[in-house]
Structure formats: structure tokens, C-alpha cells
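Below, chains carry the letters A, B, ... as their sequence lines are ordered, and counting in each starts from 1.
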Amino acid sequence: MLSAAHPGDKMSLMPRKTSKESSGSRLAEVRASRIEKLARMRELGVEPYPNGFPDREVIGAARERAEGANVRVAGRLVLWRRHGGATFAMLRDQSGQIQLHLRRDILGEDRYEVLKLLDVGDFIGAEGPLFTTRTGELTVEVRQLTVLTKTLLPLPEKWHGLTDPETRVRKRHLAFITDPDAMGILAKRAEFVRHLRAFLDGEQFLEVATPALERIPGGADAEPFVTHYNALDTDFYLRISLELAHKRLIVGGFERVYEIGRVFRNEGLSREHLQELDLLEFYWAYADLDALKRFVERLYATVIEETFGTLQLPYGDQVLDFAPPWPESDFGELFRGIGIDLDEYSTAESLRPVAEERGLTVGPGLGRGRLIDMIYKQAIRPTLIQPQFLVNHPVDLSPLAKRDPADPGRVQRLQVMMAGSEVGNGYAELNDPLDQRSRFEEQQRLREAGDREAHMLDEEFLEALEYGMPPTVGFGVSIERWLMYLTDSPSIRDVVAFPATRPPAAPAAPDGEAE
RNA sequence: GGGCCGCUAGCUCAACUGGCAGAGCAGCUGACUCUUAAUCAGCAGGUUACAGGUUCGAUUCCUGUGCGGCUCACCA
């Protein structure tokens, strides 16, 4: 009789408040108590951290079995209700949860006493027949119980869960325990990416891997991270896009390539921006912009349907309808809609007062393209709600896109817009090496004038173009941005396992480490 | 970077106009063999984010710092 034999021990094992090192107070007390339980388990011959739990069945599957069937399940205890000689518990694994019923008269006195050493949060394995309680809850009548992992720290509160947004991002593991929906989004992401690959593979696109460390980062308007390569004693940049490497592959003779790769942008945090993100880019030789439009519609519709089972997805109080064909909006038309005819403002100087009138803070040295972009983002982009193609952008906005033969001031480009945000960008790639050089030189000039996001001149890339790149269309989209809208997530951080956070408040750094 | 808001026990939250920092959950002890946020009795648990200031007295008022959220500007 364990209960009779050990009351004295239990008292002596109670965590006494040790004056030293008790700063965590309650938490320290709980932890100390659990370490004592751990020791008691070992005294009783129960190993608290055994290896594996063979032949277990996932709870979701066990729940499908007939009443009376013997099931063998494992998971984390999330609820614990003791009623004298009978105990109810809730066991959860990744597939779901199921109630356990543990009875003294079934388990026997000794084994029932071991239950006192268990806490909510511990992992256990349980085996026994299924039955339904009076109140209709599917339950395992536990015959065999195995401790799988003893936990030392308590879980967040069972009813309210973890709501403090700071703790939720800093201790994401706790957020996942508390909120299975958060976990579900990551599972959706995996499924979505799998369907994306399957679609592109099925269209004879070759998946490639290109370097993340570059000497000249390019292909996007973004400020890069810098790092240092010791062996060469040289600074490298982390890539900001996949674009230029892929075009060099097209020069090399590849005709359809794609990559889903991590890129890094040294920019601020916001609801819809991360510092590292997975970009899907693909490049397709001999296709034109119209073919790209049809292809992109089909890609989105197929993958969305396969992943979510529908083409109508809610975002906030909107419903986004991805059924093709999508409408097109003309960049210049939209500007005329807010009373600006871009043809009348051919220079940055003439456009600057227009931007200032709208309350935009226009730094020095910004080019015409950047000013147009600022006005667009303030006044036009938020109004583009339903999935659609935005087309006919000014050339100033698109240093890597081919000009429209009908109007050299515009380019052959499409942006996929939804919910007031850009979720996809493609164009007929510029393959005129001399035009490309002069546009890089223009970007270089803007860069020197203070635009830190203007493109750097990439001599290797220019040389590659001189060997000839066939007519090619390319497309890029951030997986996270895309999923944020598809999963109705208020923040892009919700679709990432571990979003970046500032270092926690420094607990008085040891000296010498400062600077 | 700017503006606004927040930070109190492990978690979720109270504390009036400046007057002994409280409750629920979790924890510990005990009761209870069909519970559903189980219930009941008892116990314990705090550098009120941090540093200053005002005051007889600060969780509360003031200043600064840190971290976070929202938002504006900029980037997918």
C-alpha cells in the first residue's frame, strides 16, 4: 500500500521555499515538486523517459474504432480530473484528443497510486477498450498505462490558454500546445507547397537550387543583409530574390525552371512583412505575357482548390474568388481614376509636388518610379480587393521587365492583386543586354542619390545576357504572403513557425560584451 | 523611424481620486468510482517589466529605458 507507506516521505519531499534562488516563486515551486515526483517514480521502478511507444495508434484513428475495441494511444495529458477511485483525463496527440478513464479497481492499488505522480502536460501511453460514458463521451477504459515523458514546467491555463501576444511569439511551442489552429496553419502550408511542386513538376518545370550567398544581390527592390565569408575574407550578401540566377540558367539552355527558396530582406517588420521568406519563382522560355496570365490563373486555381477544396476563400469580411478568368486593371487607367495622368508627369521633379500634396514624405533623390509607386501604394493598391491582374506598369517601376512594343514607356508585366496586396508578380523578362545595362545604370544613379533599395549593377549577369537569353517570362510570389491571405490570417507571422523577435530584454550584460 | 496602447503570481485577469497587492485556473494537503472549465475543505505562492523622480505613502502621478501589439511611412 503505497499510500499508507509514504505519507511521511511525501511531507519531507514537499518543496520547501529555499531562500536562495526562489526568485521564480510559484514556478520554481512547481518545478521542484515535479522533480521530486520524478525521483519518486524512479524509486518505484517507473522510468519517466523511456524510449518510444511501439505500435501506438493515432488518436484520430482510434476514435473511428468500434465500441469495445482495444486501442493503444499516446499523447500529452491536457486535462486531469480525479474523483477518488476513478480518474478522468484527456489525452491529445497531433490528430486529436480522447478521454481516458482510470479506475483503481482495474489498475490495482499500486499502479493507481502512481497516478499521483502525473501532471497535466506529461506524456503517457494508454491501452484498453473503448466505451462511451453516460454523458456520451468516447473514452478509453485504461488497462495499461505507460509514463512516456515527465514534464517539469506547467502548461498555460487550460481555459483561456495563452493570449499574451508577446509570449505567443517568443514561446511558439506553447502557442502550438494551446492553440491547435496555429499548428493547423503550418500543416496547410506543407500541403500547399506540396501541391505547388506537383503542379509545376507536372508542367515540366525543373526544380533547381541556387545560392543564397551572393556577391551582388539583385532581382528585387530591397535592402540586403550582409555577412562575411572568412576563407575569402570577403563580404557576401544574402539573396533578396532568385531572379538573376534563374535567368542565367535560361541563358544556359534550361527552358522551364522553378525554385522555392528562402530569401532575406533587411527591412522593417509589419503585418505583412518578414525578414526571411520563401519565394516561389519560375522562368519559362518562349512563352509570352498572355500565356503567363493563363498559366498563373490555372496555377492559383488548381493549387488553391487542391489545398482548400474551394476557390472562394474568406479574408476578413471579404470573400476572395479565385475562379478564372481574372479581371485586368490597367495601371494608367487606375491613376486617371484618382485624377492623375501619368503621361503629364514625365519627370520626378514634376511628380514630386503631387506626392507631397497627398501627404507623402518624399525623401531626396527618389526617382519617378519610386514616386509613382508611393502614390500607387497609398491611393490605389488598397482598393484592389478581388483577385485580378494589374498590368501596363510604367517602365520606371520595373527595371528588369521588357518594354511594351506598343508603348515603350510601359512594360509587359502583371501583378496578382488580392485583398489590397500584391501576391504575385511576373513579366516578360528583359533580354536586350544594352537596354538592361542602361536601366541598371539608372538604378545605380538612384542608389547613389540615396535610394537604398535601388538595384545594384550586376556585371556578371549583364555579360550572361550578352550571350543571349531567349524570350522568357518569369513569375515570383512569397509563399507566406500568399498563405496569409488564403488562410485568413491577420498577420504574416501566423504562417511561420518561428517569426523573428528582438532579443529579450538584456539581463544586465556581463561587461566586455557591450559594443 | 513616427503616433497610440499595453506590461501586476506559471497562465487569465482585478485593485475607485495615491492608502495593507486580490481572485480564478495551475500547484500542494485532504475528501470523492461516469466527470466535461468536475466539486468541496485547507495551504502556499508577488522585485506590480526595468531605472529614476514627486510624495508621509506609488501598481496608481511624472521622466527615461526595454519588450510587445496596433497603426502610419517603406519593402513581397
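- Only the C1' atoms considered, B/rG19 is 12 Å distant from B/rU55, to the nearest whole Å.
- Among the nucleotides B/rC28, B/rA38, B/rA76, the one closest to any side-chain atom of A/Asp119 is B/rC28.
- A gap of 33 Å separates the C1' atoms of B/rU47 and B/rG1, to the nearest Å.
- When the C1' atom of B/rG27 is taken as reference, atom CZ of A/Arg34 falls 8 Å away, rounded to whole Å.
- An OP1 or OP2 oxygen of B/rU35 is reached within less than 4.0 angstrom by a side-chain nitrogen or oxygen of A/Arg134.
- Nearest-nucleotide positions on RNA chain B for A/Leu274 and A/Phe131 put A/Phe131 closer to the 5' end.
- Closest contact between the side chain of A/Arg481 and the listed nucleotides B/rA76, B/rU33, B/rA38 involves B/rA76.
- Residue A/Asn266 is out of contact with every strand shown, counting any heavy-atom pair closer than 4.0 Å.
- Within 4.0 Å of A/Gly476, counting heavy atoms only, lies no atom of the nucleic acid at all.
- Atom NE2 of A/His83 is separated from atom P of B/rU35 by 7 Å (rounded to the nearest Å).
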Does A/His195 form a side-chain hydrogen bond (donor to acceptor under 3.5 Å, both in side chains) with A/Thr307? I'd like the steps, not just the answer. CA-CA 7 Å; A/His195 288 136; A/Thr307 308; 3.1 Å; yes
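- Nearest nucleotide to the side chain of A/Glu422, out of B/rU35, B/rC34, B/rA76: B/rA76.
- The closest side-chain donor-acceptor pair between A/Tyr427 and A/Glu429, if any, does not fall under 3.5 angstrom.
- With rounding to whole Å, A/Tyr376 atom OH is found 11 Å from B/rA76 atom C1'.
- Taking a pair to require two hydrogen-bonding distances under 3.5 Å in either a Watson-Crick or a G-U wobble arrangement, B/rU33 remains unpaired.
- Between A/Asp278 and A/Arg189 there is a salt bridge, with a side-chain nitrogen of the basic residue lying less than 4.0 Å from a carboxylate oxygen of the acidic one.
- Side-chain atoms of A/Glu137 and A/Thr132 form no donor-acceptor pair, as typed in the model, at a separation below 3.5 Å.
- In this structure, of B/rU35, B/rC11, B/rU33, it is B/rC11 that holds the atom nearest to the side chain of A/Pro156.
- A/Thr151 and A/Arg34 form a side-chain donor-acceptor contact under 3.5 Å, judged by distance and modelled atom types alone.
- Look at B/rG68: its Watson-Crick or wobble partner, with both distances under 3.5 angstrom, is B/rC5.
- The shortest distance between the side-chain N/O atoms of A/Arg170 and the OP1/OP2 oxygens of B/rG68 is below 4.0 Å.
- For the C1' atoms, the distance linking B/rC70 with B/rA14 amounts to 24 Å, nearest Å.
- Within 4.0 Å (heavy atoms only), A/Glu223 reaches no atom of the nucleic acid at all.
- Side chain A/Glu137 to base B/rU35: no donor-acceptor pair is found below 3.5 Å.
- When the nucleotides B/rA38, B/rC34, B/rU33 are ranked by their closest atom to the side chain of A/Asp105, B/rU33 comes out on top.
- Here B/rC43 sits opposite B/rG27 as a Watson-Crick or G-U wobble pair (both hydrogen-bonding atom distances under 3.5 Å).
- Residue A/Lys377 places none of its side-chain N or O atoms closer than 4.0 Å to OP1 or OP2 of B/rC72.
- Taking atom P in both B/rU17 and B/rU54, one finds a spacing of 25 Å when rounded to whole Å.
- Residue A/Thr87 has no polar side-chain atom (N or O) positioned under 4.0 Å from OP1 or OP2 of B/rA38.
- Between A/Thr163 and B/rU12 there is a side-chain polar atom (N or O) within less than 4.0 angstrom of OP1 or OP2.
- Between the OH atom of A/Tyr112 and the P atom of B/rC32 there is a distance of 11 Å, given to the nearest Å.
- At a threshold of 4.0 Å, the pair A/Arg104-A/Glu109 counts as salt-bridged, since one of the basic side-chain nitrogens sits closer than that to a carboxylate oxygen.
- Side-chain atoms of A/His393 and A/Gln415 include a donor-acceptor pair closer than 3.5 Å.
- Rounded to a whole angstrom, the distance from the P atom of B/rG18 to that of B/rG3 is 26 Å.
- In this structure, of B/rU35, B/rA73, B/rG10, it is B/rU35 that holds the atom nearest to the side chain of A/Phe88.
- Counting to the nearest Å, the C1' atom of B/rG27 and the CZ atom of A/Arg82 are 15 Å from each other.
- Summary of the strand contacts: A/Arg493 and A/Glu272 both lie near RNA chain B, and taking for each the nucleotide with the nearest heavy atom, the more 5' one is attributed to A/Arg493.
- Rounded to whole Å, the C1' atom of B/rA21 lies 12 Å from the corresponding atom of B/rU60.
- Residues A/Thr133 and A/Gln99 have side chains that never bring a donor and an acceptor to within less than 3.5 angstrom of each other.
- Between the C1' atoms of B/rC20 and B/rU48, the separation comes to 15 Å (whole Å).
- Atom P of nucleotide B/rC11 and atom NZ of A/Lys171 are separated by 7 Å, given to the nearest angstrom.
- Distances from the side chain of A/Met374 to the nucleotides B/rC74, B/rU35, B/rU33 place B/rC74 closest.
- With a cut-off of 3.5 Å on both Watson-Crick or G-U wobble distances, the partner of B/rA15 is given as none.
- Distance from the side chain of A/Val169 is smallest to B/rG69 among B/rG69, B/rC32, B/rU35.
- Nearest nucleotide to the A/Leu162 side chain, out of B/rC28, B/rU12, B/rA38: B/rU12.
- Computed from coordinates, the A/Asp179 CG to B/rU12 P distance equals 13 Å when rounded to whole Å.
- If you take CG of A/Leu138 and P of B/rC34, they are 19 Å apart, rounded to a whole angstrom.
- No salt bridge links A/Glu442 with A/Arg370; every basic N to acidic carboxylate O contact stays at or beyond 4.0 Å.
- Base pairing analysis places B/rC61 opposite B/rG53; the two distances defining the Watson-Crick or G-U wobble pair are each below 3.5 Å.
- Taking the C1' atoms as reference points, B/rA38 lies 15 Å from B/rG24, given to the whole Å.
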